[in-house]
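Order of appearance sets the numbers: ligands from 1, and atoms from 1 within every ligand.
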Amino acid sequence: MSFVTVKSLSHYDRTVFCPADKSISVRAVILAAYAQGESVIKNLSLCDDVYSAIDCVRRLGASVETVGSEARIVGARFSGCKLDCGNSATTARLLIGLLSGLNGVYELDGDESLRSRPMRRVIEPLAAMGANIRSDDGRLPVKVVGGALRGCDYTLPVPSAQVKSALLLAGLNASSAVTVGNCGATRNHTENMLAAMGASVRASDNEACVAPSVLHAADLTVPGDASSAAYPICLALALRGRCTVKNVGINETRTAYIALLRSVGADIEYKNVVTGAEPTADICVSGGASRPFVIDENLAPRLIDEIPVLCALACFINGKSVVRGAGELRFKESDRIKATVQALRALGADIAETDDGIVVCGGKKLGFGTVDPHGDHRIAMSAAVAAASGGGARITGSECVSVSYPDFFKTGAVL
Ligand code: S3P
(Lines give C-alpha, C1' and ligand atoms only; values in the text may rest on other atoms or scores of the structure.)
Protein backbone atom coordinates (compact mmCIF):
# COMPACT_ATOMS: atom_id res chain seq x y z
CA MET A 1 0.00 0.00 0.00
CA SER A 2 1.39 3.39 -0.96
CA PHE A 3 0.93 6.70 0.78
CA VAL A 4 1.39 10.34 -0.14
CA THR A 5 2.24 13.31 1.97
CA VAL A 6 0.13 16.32 1.08
CA LYS A 7 1.73 19.62 2.05
CA SER A 8 -0.13 22.63 3.29
CA LEU A 9 -0.36 25.23 0.49
CA SER A 10 -0.36 28.96 1.18
CA HIS A 11 -1.79 30.00 -2.18
CA TYR A 12 -3.29 28.37 -5.28
CA ASP A 13 -3.20 29.71 -8.82
CA ARG A 14 -3.20 26.89 -11.35
CA THR A 15 -4.45 25.62 -14.66
CA VAL A 16 -5.55 22.00 -14.33
CA PHE A 17 -6.38 19.40 -16.98
CA CYS A 18 -8.72 16.96 -15.29
CA PRO A 19 -9.17 13.41 -16.61
CA ALA A 20 -11.86 12.42 -19.09
CA ASP A 21 -15.29 11.61 -17.69
CA LYS A 22 -15.48 8.17 -16.09
CA SER A 23 -19.28 7.77 -16.33
CA ILE A 24 -19.33 8.69 -20.01
CA SER A 25 -16.26 6.56 -20.79
CA VAL A 26 -17.73 3.42 -19.21
CA ARG A 27 -20.95 3.95 -21.16
CA ALA A 28 -19.04 4.56 -24.40
CA VAL A 29 -17.11 1.30 -24.00
CA ILE A 30 -20.20 -0.78 -23.22
CA LEU A 31 -22.47 0.74 -25.87
CA ALA A 32 -19.80 0.74 -28.61
CA ALA A 33 -19.02 -2.91 -27.82
CA TYR A 34 -22.69 -3.78 -28.33
CA ALA A 35 -23.42 -1.49 -31.34
CA GLN A 36 -23.08 -2.64 -34.94
CA GLY A 37 -19.86 -1.41 -36.57
CA GLU A 38 -16.71 0.38 -35.44
CA SER A 39 -16.89 3.31 -33.05
CA VAL A 40 -14.01 5.68 -32.42
CA ILE A 41 -13.94 7.10 -28.90
CA LYS A 42 -11.65 10.07 -28.41
CA ASN A 43 -10.35 11.24 -25.02
CA LEU A 44 -11.41 8.01 -23.30
CA SER A 45 -10.64 8.03 -19.58
CA LEU A 46 -7.68 5.80 -18.72
CA CYS A 47 -8.84 5.13 -15.16
CA ASP A 48 -9.26 1.73 -13.50
CA ASP A 49 -13.06 1.65 -13.84
CA VAL A 50 -12.80 2.14 -17.59
CA TYR A 51 -10.16 -0.60 -17.85
CA SER A 52 -12.61 -2.87 -16.00
CA ALA A 53 -15.30 -2.05 -18.58
CA ILE A 54 -12.83 -2.68 -21.44
CA ASP A 55 -11.81 -6.03 -19.95
CA CYS A 56 -15.49 -7.05 -19.66
CA VAL A 57 -16.44 -6.16 -23.23
CA ARG A 58 -13.36 -7.93 -24.62
CA ARG A 59 -14.46 -11.09 -22.78
CA LEU A 60 -17.91 -10.62 -24.26
CA GLY A 61 -16.35 -10.70 -27.74
CA ALA A 62 -15.87 -7.06 -28.74
CA SER A 63 -12.58 -5.82 -30.16
CA VAL A 64 -11.05 -2.82 -28.37
CA GLU A 65 -7.84 -1.23 -29.64
CA THR A 66 -6.42 1.76 -27.84
CA VAL A 67 -3.74 4.20 -28.89
CA GLY A 68 -3.23 6.69 -26.07
CA SER A 69 -6.67 7.93 -25.12
CA GLU A 70 -8.30 7.00 -28.44
CA ALA A 71 -10.15 3.69 -28.66
CA ARG A 72 -11.46 1.84 -31.71
CA ILE A 73 -14.21 -0.50 -30.62
CA VAL A 74 -15.85 -3.01 -32.96
CA GLY A 75 -19.19 -4.25 -31.69
CA ALA A 76 -19.90 -7.97 -31.36
CA ARG A 77 -22.72 -10.41 -30.76
CA PHE A 78 -22.00 -11.19 -27.09
CA SER A 79 -21.54 -14.76 -25.89
CA GLY A 80 -21.78 -16.12 -22.34
CA CYS A 81 -18.71 -15.73 -20.11
CA LYS A 82 -17.40 -14.70 -16.69
CA LEU A 83 -16.87 -10.99 -16.11
CA ASP A 84 -14.82 -9.13 -13.49
CA CYS A 85 -16.21 -5.62 -13.03
CA GLY A 86 -13.41 -4.65 -10.61
CA ASN A 87 -14.50 -1.67 -8.52
CA SER A 88 -16.97 -0.34 -11.11
CA ALA A 89 -20.64 -0.41 -10.09
CA THR A 90 -21.56 1.39 -13.31
CA THR A 91 -20.01 -1.44 -15.35
CA ALA A 92 -21.73 -4.12 -13.26
CA ARG A 93 -25.20 -2.57 -13.16
CA LEU A 94 -25.30 -1.49 -16.82
CA LEU A 95 -24.07 -4.88 -17.99
CA ILE A 96 -26.59 -6.76 -15.84
CA GLY A 97 -29.33 -4.76 -17.59
CA LEU A 98 -27.98 -5.16 -21.11
CA LEU A 99 -27.11 -8.87 -20.79
CA SER A 100 -30.53 -9.77 -19.31
CA GLY A 101 -32.12 -9.48 -22.74
CA LEU A 102 -29.40 -11.28 -24.74
CA ASN A 103 -28.67 -14.96 -25.29
CA GLY A 104 -26.09 -16.59 -23.05
CA VAL A 105 -25.18 -17.15 -19.44
CA TYR A 106 -23.06 -14.44 -17.87
CA GLU A 107 -21.43 -14.45 -14.43
CA LEU A 108 -20.52 -11.04 -13.07
CA ASP A 109 -18.26 -10.42 -10.10
CA GLY A 110 -16.15 -7.60 -8.70
CA ASP A 111 -13.68 -6.64 -6.01
CA GLU A 112 -14.44 -6.72 -2.28
CA SER A 113 -15.94 -3.22 -2.26
CA LEU A 114 -18.17 -3.92 -5.29
CA ARG A 115 -19.25 -7.25 -3.77
CA SER A 116 -20.61 -5.32 -0.79
CA ARG A 117 -22.78 -2.99 -2.89
CA PRO A 118 -26.50 -3.47 -3.46
CA MET A 119 -27.53 -5.06 -6.77
CA ARG A 120 -31.14 -5.82 -5.77
CA ARG A 121 -32.06 -2.34 -6.99
CA VAL A 122 -31.38 -3.53 -10.57
CA ILE A 123 -32.24 -7.21 -10.12
CA GLU A 124 -35.81 -6.62 -8.91
CA PRO A 125 -37.10 -4.36 -11.68
CA LEU A 126 -35.30 -6.47 -14.31
CA ALA A 127 -36.88 -9.62 -12.87
CA ALA A 128 -40.27 -7.91 -13.22
CA MET A 129 -39.45 -7.58 -16.95
CA GLY A 130 -38.88 -11.36 -17.07
CA ALA A 131 -35.11 -11.44 -16.49
CA ASN A 132 -33.51 -14.49 -14.95
CA ILE A 133 -30.86 -13.17 -12.55
CA ARG A 134 -29.47 -15.22 -9.68
CA SER A 135 -27.68 -13.85 -6.67
CA ASP A 136 -27.38 -15.24 -3.14
CA ASP A 137 -28.00 -12.03 -1.25
CA GLY A 138 -28.75 -9.31 -3.80
CA ARG A 139 -25.04 -8.64 -4.33
CA LEU A 140 -22.26 -9.82 -6.62
CA PRO A 141 -21.47 -12.46 -7.74
CA VAL A 142 -24.54 -12.50 -10.00
CA LYS A 143 -25.51 -14.95 -12.74
CA VAL A 144 -27.57 -13.60 -15.64
CA VAL A 145 -29.31 -16.15 -17.82
CA GLY A 146 -30.24 -14.00 -20.80
CA GLY A 147 -33.68 -14.35 -22.37
CA ALA A 148 -36.87 -12.64 -23.55
CA LEU A 149 -37.91 -9.47 -21.69
CA ARG A 150 -41.13 -7.48 -21.48
CA GLY A 151 -41.19 -3.69 -21.47
CA CYS A 152 -41.95 -1.90 -18.20
CA ASP A 153 -43.01 1.36 -16.65
CA TYR A 154 -40.92 1.70 -13.50
CA THR A 155 -40.66 4.55 -11.02
CA LEU A 156 -37.27 4.67 -9.27
CA PRO A 157 -37.73 4.44 -5.50
CA VAL A 158 -34.42 6.32 -5.12
CA PRO A 159 -33.00 8.41 -7.99
CA SER A 160 -30.13 6.40 -9.57
CA ALA A 161 -28.56 6.81 -13.01
CA GLN A 162 -27.19 3.29 -12.86
CA VAL A 163 -30.57 1.69 -12.19
CA LYS A 164 -32.21 3.87 -14.84
CA SER A 165 -29.48 2.96 -17.32
CA ALA A 166 -29.68 -0.78 -16.58
CA LEU A 167 -33.40 -0.70 -17.37
CA LEU A 168 -32.99 1.41 -20.51
CA LEU A 169 -30.31 -0.96 -21.84
CA ALA A 170 -32.55 -3.95 -21.08
CA GLY A 171 -35.26 -2.10 -23.02
CA LEU A 172 -33.19 -2.26 -26.22
CA ASN A 173 -34.13 -5.95 -26.46
CA ALA A 174 -37.50 -6.00 -24.70
CA SER A 175 -40.78 -6.73 -26.49
CA SER A 176 -42.03 -3.17 -25.84
CA ALA A 177 -40.83 0.15 -24.46
CA VAL A 178 -39.20 0.71 -21.07
CA THR A 179 -40.14 3.90 -19.23
CA VAL A 180 -38.28 4.98 -16.10
CA GLY A 181 -39.81 7.66 -13.86
CA ASN A 182 -38.40 9.78 -10.99
CA CYS A 183 -35.07 10.13 -12.77
CA GLY A 184 -34.97 13.93 -13.13
CA ALA A 185 -32.13 14.22 -10.61
CA THR A 186 -29.92 11.63 -12.32
CA ARG A 187 -27.21 12.08 -14.96
CA ASN A 188 -28.51 11.65 -18.52
CA HIS A 189 -25.40 10.36 -20.33
CA THR A 190 -27.01 7.02 -21.22
CA GLU A 191 -29.95 8.71 -22.94
CA ASN A 192 -27.59 11.07 -24.81
CA MET A 193 -25.39 8.21 -26.02
CA LEU A 194 -28.30 5.95 -26.96
CA ALA A 195 -29.68 8.79 -29.08
CA ALA A 196 -26.26 9.30 -30.73
CA MET A 197 -26.22 5.59 -31.59
CA GLY A 198 -29.63 5.69 -33.25
CA ALA A 199 -31.86 4.27 -30.49
CA SER A 200 -35.42 5.41 -30.15
CA VAL A 201 -35.13 7.29 -26.87
CA ARG A 202 -37.23 10.03 -25.34
CA ALA A 203 -36.40 11.98 -22.22
CA SER A 204 -38.43 14.61 -20.39
CA ASP A 205 -37.93 16.38 -17.07
CA ASN A 206 -38.45 13.38 -14.83
CA GLU A 207 -38.82 10.42 -17.18
CA ALA A 208 -36.74 8.50 -19.75
CA CYS A 209 -38.11 6.01 -22.26
CA VAL A 210 -36.47 3.63 -24.73
CA ALA A 211 -38.24 1.58 -27.39
CA PRO A 212 -36.65 -1.66 -28.65
CA SER A 213 -33.82 -0.51 -30.94
CA VAL A 214 -30.68 -1.52 -32.82
CA LEU A 215 -27.56 0.47 -31.92
CA HIS A 216 -25.17 1.72 -34.59
CA ALA A 217 -21.52 2.65 -34.06
CA ALA A 218 -20.78 6.33 -33.46
CA ASP A 219 -17.73 8.52 -33.07
CA LEU A 220 -17.72 10.14 -29.65
CA THR A 221 -15.45 12.55 -27.80
CA VAL A 222 -15.51 12.31 -24.02
CA PRO A 223 -15.43 15.61 -22.11
CA GLY A 224 -13.39 16.20 -18.95
CA ASP A 225 -14.94 14.82 -15.78
CA ALA A 226 -17.03 17.38 -13.88
CA SER A 227 -16.73 15.32 -10.68
CA SER A 228 -12.91 15.29 -10.93
CA ALA A 229 -12.93 19.04 -11.62
CA ALA A 230 -14.61 19.54 -8.24
CA TYR A 231 -11.30 18.84 -6.40
CA PRO A 232 -9.21 21.71 -7.82
CA ILE A 233 -12.31 23.96 -7.81
CA CYS A 234 -12.94 23.37 -4.09
CA LEU A 235 -9.23 23.67 -3.32
CA ALA A 236 -9.05 27.07 -5.05
CA LEU A 237 -12.13 28.22 -3.10
CA ALA A 238 -10.81 26.93 0.25
CA LEU A 239 -7.52 28.80 -0.30
CA ARG A 240 -9.27 31.85 -1.80
CA GLY A 241 -7.01 31.45 -4.81
CA ARG A 242 -7.67 30.91 -8.50
CA CYS A 243 -7.84 28.06 -10.93
CA THR A 244 -8.91 27.20 -14.45
CA VAL A 245 -9.95 23.64 -15.15
CA LYS A 246 -9.82 23.00 -18.90
CA ASN A 247 -12.37 21.24 -21.08
CA VAL A 248 -14.81 20.07 -18.42
CA GLY A 249 -18.21 18.53 -19.20
CA ILE A 250 -20.85 21.01 -18.02
CA ASN A 251 -23.94 18.86 -18.59
CA GLU A 252 -26.47 20.31 -16.12
CA THR A 253 -27.13 16.87 -14.65
CA ARG A 254 -23.52 16.90 -13.40
CA THR A 255 -22.93 20.50 -12.38
CA ALA A 256 -25.43 21.11 -9.57
CA TYR A 257 -22.42 21.54 -7.25
CA ILE A 258 -21.31 24.56 -9.30
CA ALA A 259 -24.75 26.15 -8.94
CA LEU A 260 -24.59 25.45 -5.18
CA LEU A 261 -21.12 27.01 -4.89
CA ARG A 262 -22.25 30.09 -6.84
CA SER A 263 -25.26 30.39 -4.50
CA VAL A 264 -22.90 30.69 -1.50
CA GLY A 265 -20.82 33.41 -3.10
CA ALA A 266 -18.25 31.58 -5.24
CA ASP A 267 -17.09 33.36 -8.39
CA ILE A 268 -17.16 30.60 -11.02
CA GLU A 269 -17.25 31.38 -14.74
CA TYR A 270 -17.53 29.18 -17.82
CA LYS A 271 -15.22 30.19 -20.69
CA ASN A 272 -14.77 28.70 -24.18
CA VAL A 273 -18.13 26.93 -24.00
CA VAL A 274 -18.67 24.28 -26.68
CA THR A 275 -22.35 23.36 -27.02
CA GLY A 276 -23.76 19.90 -27.79
CA ALA A 277 -25.42 16.99 -26.02
CA GLU A 278 -22.42 16.91 -23.69
CA PRO A 279 -21.30 20.57 -23.62
CA THR A 280 -17.84 21.54 -22.32
CA ALA A 281 -16.17 24.65 -20.94
CA ASP A 282 -13.08 25.87 -19.16
CA ILE A 283 -14.19 26.47 -15.57
CA CYS A 284 -12.56 29.54 -14.00
CA VAL A 285 -12.69 30.11 -10.25
CA SER A 286 -11.44 32.99 -8.17
CA GLY A 287 -11.79 33.90 -4.50
CA GLY A 288 -13.67 31.92 -1.87
CA ALA A 289 -17.18 30.91 -0.88
CA SER A 290 -18.54 33.31 1.71
CA ARG A 291 -21.49 31.43 3.24
CA PRO A 292 -22.10 27.88 4.51
CA PHE A 293 -24.39 25.65 2.42
CA VAL A 294 -27.34 23.35 2.88
CA ILE A 295 -27.76 20.24 0.73
CA ASP A 296 -31.21 18.72 1.20
CA GLU A 297 -32.89 15.54 -0.09
CA ASN A 298 -33.85 17.23 -3.38
CA LEU A 299 -30.37 18.45 -4.14
CA ALA A 300 -28.35 15.51 -2.78
CA PRO A 301 -28.90 13.10 -5.72
CA ARG A 302 -27.79 15.82 -8.17
CA LEU A 303 -24.34 16.19 -6.57
CA ILE A 304 -23.98 12.93 -4.67
CA ASP A 305 -20.38 12.28 -5.83
CA GLU A 306 -19.24 15.77 -4.87
CA ILE A 307 -20.54 15.73 -1.27
CA PRO A 308 -17.24 14.55 0.31
CA VAL A 309 -15.22 17.35 -1.33
CA LEU A 310 -17.94 19.92 -0.59
CA CYS A 311 -17.61 18.88 3.07
CA ALA A 312 -13.83 19.36 2.80
CA LEU A 313 -14.47 22.88 1.51
CA ALA A 314 -17.08 23.49 4.25
CA CYS A 315 -14.27 23.18 6.83
CA PHE A 316 -12.96 26.51 5.48
CA ILE A 317 -16.29 28.37 5.37
CA ASN A 318 -17.31 30.02 8.65
CA GLY A 319 -20.62 28.65 9.94
CA LYS A 320 -22.55 25.41 9.81
CA SER A 321 -22.91 23.56 6.49
CA VAL A 322 -25.48 20.79 6.47
CA VAL A 323 -26.00 17.75 4.24
CA ARG A 324 -29.22 15.76 4.70
CA GLY A 325 -31.23 13.29 2.65
CA ALA A 326 -27.99 11.76 1.36
CA GLY A 327 -28.34 8.22 2.76
CA GLU A 328 -27.25 6.86 -0.66
CA LEU A 329 -23.70 7.89 0.30
CA ARG A 330 -23.60 4.84 2.56
CA PHE A 331 -23.79 2.55 -0.51
CA LYS A 332 -20.92 3.96 -2.56
CA GLU A 333 -17.34 2.63 -2.85
CA SER A 334 -17.24 3.05 0.95
CA ASP A 335 -19.81 4.26 3.47
CA ARG A 336 -19.06 7.84 2.44
CA ILE A 337 -20.89 9.44 5.37
CA LYS A 338 -18.69 7.60 7.83
CA ALA A 339 -15.53 7.81 5.71
CA THR A 340 -15.88 11.58 5.07
CA VAL A 341 -16.43 12.30 8.76
CA GLN A 342 -13.50 10.09 9.83
CA ALA A 343 -11.13 11.53 7.23
CA LEU A 344 -11.89 15.20 7.95
CA ARG A 345 -11.99 14.65 11.72
CA ALA A 346 -8.51 13.09 11.49
CA LEU A 347 -7.39 16.50 10.19
CA GLY A 348 -9.07 18.32 13.08
CA ALA A 349 -12.40 19.28 11.49
CA ASP A 350 -15.49 19.91 13.59
CA ILE A 351 -17.73 17.47 11.74
CA ALA A 352 -20.50 15.06 12.71
CA GLU A 353 -22.38 12.20 11.13
CA THR A 354 -26.18 11.97 11.01
CA ASP A 355 -28.27 9.05 9.73
CA ASP A 356 -28.52 10.48 6.25
CA GLY A 357 -25.96 13.24 6.17
CA ILE A 358 -23.12 15.28 7.61
CA VAL A 359 -22.84 18.54 9.58
CA VAL A 360 -19.66 20.60 9.29
CA CYS A 361 -18.94 23.57 11.56
CA GLY A 362 -16.42 25.44 9.45
CA GLY A 363 -13.74 27.90 10.45
CA LYS A 364 -11.74 25.71 12.86
CA LYS A 365 -8.02 25.55 12.00
CA LEU A 366 -7.01 22.13 10.65
CA GLY A 367 -3.73 20.43 11.57
CA PHE A 368 -1.61 17.62 10.11
CA GLY A 369 -3.17 14.15 10.32
CA THR A 370 -3.11 10.67 8.84
CA VAL A 371 -6.10 9.64 6.74
CA ASP A 372 -7.17 6.15 5.71
CA PRO A 373 -9.56 6.61 2.77
CA HIS A 374 -10.83 3.02 3.04
CA GLY A 375 -9.85 2.36 -0.58
CA ASP A 376 -12.29 5.03 -1.78
CA HIS A 377 -10.91 7.40 -4.44
CA ARG A 378 -13.28 10.26 -3.63
CA ILE A 379 -12.42 10.15 0.09
CA ALA A 380 -8.67 10.21 -0.66
CA MET A 381 -9.03 13.23 -2.98
CA SER A 382 -11.42 15.09 -0.65
CA ALA A 383 -9.03 14.57 2.27
CA ALA A 384 -6.18 15.84 0.07
CA VAL A 385 -8.15 19.04 -0.66
CA ALA A 386 -8.74 19.63 3.06
CA ALA A 387 -5.10 18.81 3.85
CA ALA A 388 -3.64 21.11 1.18
CA SER A 389 -5.91 23.95 2.36
CA GLY A 390 -5.18 23.17 6.03
CA GLY A 391 -2.22 21.62 7.82
CA GLY A 392 -1.22 18.84 5.41
CA ALA A 393 -1.73 15.09 5.74
CA ARG A 394 -0.36 11.66 5.15
CA ILE A 395 -2.89 9.74 3.05
CA THR A 396 -2.48 5.98 3.15
CA GLY A 397 -3.62 3.70 0.32
CA SER A 398 -3.42 6.73 -1.96
CA GLU A 399 -3.23 4.51 -5.07
CA CYS A 400 -7.05 4.20 -4.89
CA VAL A 401 -7.33 7.52 -6.78
CA SER A 402 -6.62 5.53 -9.97
CA VAL A 403 -10.27 4.41 -9.93
CA SER A 404 -11.22 7.78 -11.44
CA TYR A 405 -8.22 10.17 -11.45
CA PRO A 406 -4.94 8.26 -11.85
CA ASP A 407 -2.80 11.40 -12.07
CA PHE A 408 -4.40 13.22 -9.15
CA PHE A 409 -1.23 13.19 -7.05
CA LYS A 410 1.06 13.72 -10.09
CA THR A 411 -0.35 16.54 -12.18
CA GLY A 412 -0.19 19.45 -9.79
CA ALA A 413 -3.87 19.46 -8.83
CA VAL A 414 -2.89 19.32 -5.14
CA LEU A 415 0.85 18.81 -4.73
C1 S3P B 1 -23.05 6.90 -11.79
C2 S3P B 1 -24.19 7.17 -11.10
C3 S3P B 1 -24.21 7.51 -9.66
C4 S3P B 1 -22.84 7.96 -9.21
C5 S3P B 1 -21.76 7.04 -9.66
C6 S3P B 1 -21.71 6.96 -11.18
C7 S3P B 1 -23.16 6.53 -13.22
O8 S3P B 1 -24.59 6.38 -8.91
O9 S3P B 1 -22.82 8.07 -7.80
O10 S3P B 1 -20.49 7.49 -9.21
O11 S3P B 1 -22.12 6.47 -13.91
O12 S3P B 1 -24.28 6.30 -13.67
P13 S3P B 1 -26.14 5.94 -8.70
O14 S3P B 1 -26.68 5.49 -9.99
O15 S3P B 1 -26.07 4.85 -7.70
O16 S3P B 1 -26.83 7.15 -8.18
Honestly, for R187 the part within reach of ligand 1 (heavy atoms, under 4.0 Å) is side chain

Do R378 and E333 meet the salt-bridge criterion of a basic N to acidic O distance under 4.0 Å?
no

Checking contacts here: is it the side chain or the backbone of K164 that comes within 4.0 Å of ligand 1, counting heavy atoms only? Could be both or neither.
neither

R121, any N or O under 3.5 Å of ligand 1 N or O:
no

Interfacing atoms of ligand 1 (cut-off 4.0 Å, heavy-atom, I304):
9 (O)

Which residue and heavy atom of the protein sit nearest atom 1 (C) of ligand 1, plus the separation:
Q162 NE2, 3.4 Å

CZ (R242) with more than 12 external heavy atoms under 6.0 Å:
no

Using the salt bridge (Lys or Arg N to Asp or Glu O under 4.0 Å) definition, which of the options R345, R324, R330 pairs with E353?
R330

Do me a favour and list the nearest non-hydrogen protein atom to atom 11 (O) of ligand 1 with residue, atom name and distance?
S23 OG, 2.7 Å

Does the cation-pi check pass for R27 over Y34, that is, NZ or CZ under 6.0 Å from the six-membered ring centre and within 45° of its axis?
no

Polar-atom distance check: T90 versus ligand 1, any N or O pair below 3.5 Å?
yes

Would you check whether A161 has a nitrogen or oxygen atom less than 3.5 angstrom from a nitrogen or oxygen atom of ligand 1?
yes

Nearest non-hydrogen protein atom to atom 15 (O) of ligand 1, with distance, is K332 NZ, 3.2 Å

Any chance the side chains of R254 and S227 put a donor and an acceptor closer than 3.5 Å?
yes

Protein contact to atom 4 (C) of ligand 1 [nearest heavy atom, distance to 0.1 Å]:
D305 OD2, 3.3 Å

Closest approach of any protein heavy atom to atom 12 (O) of ligand 1, naming residue and atom:
R27 NH2, 2.6 Å

Flag for D48-S402: side-chain donor and acceptor within less than 3.5 Å:
yes

Nearest candidate to atom 13 (P) of ligand 1, where distance is taken over non-hydrogen atoms, out of S160, A89, A166
S160

Would you say N188 and N251 are linked by a side-chain donor-acceptor pair, where the criterion is simply a distance under 3.5 Å?
yes

With rounding to the nearest 0.5 angstrom, report the CD to CZ distance, E112 to R117.
13.5 Å

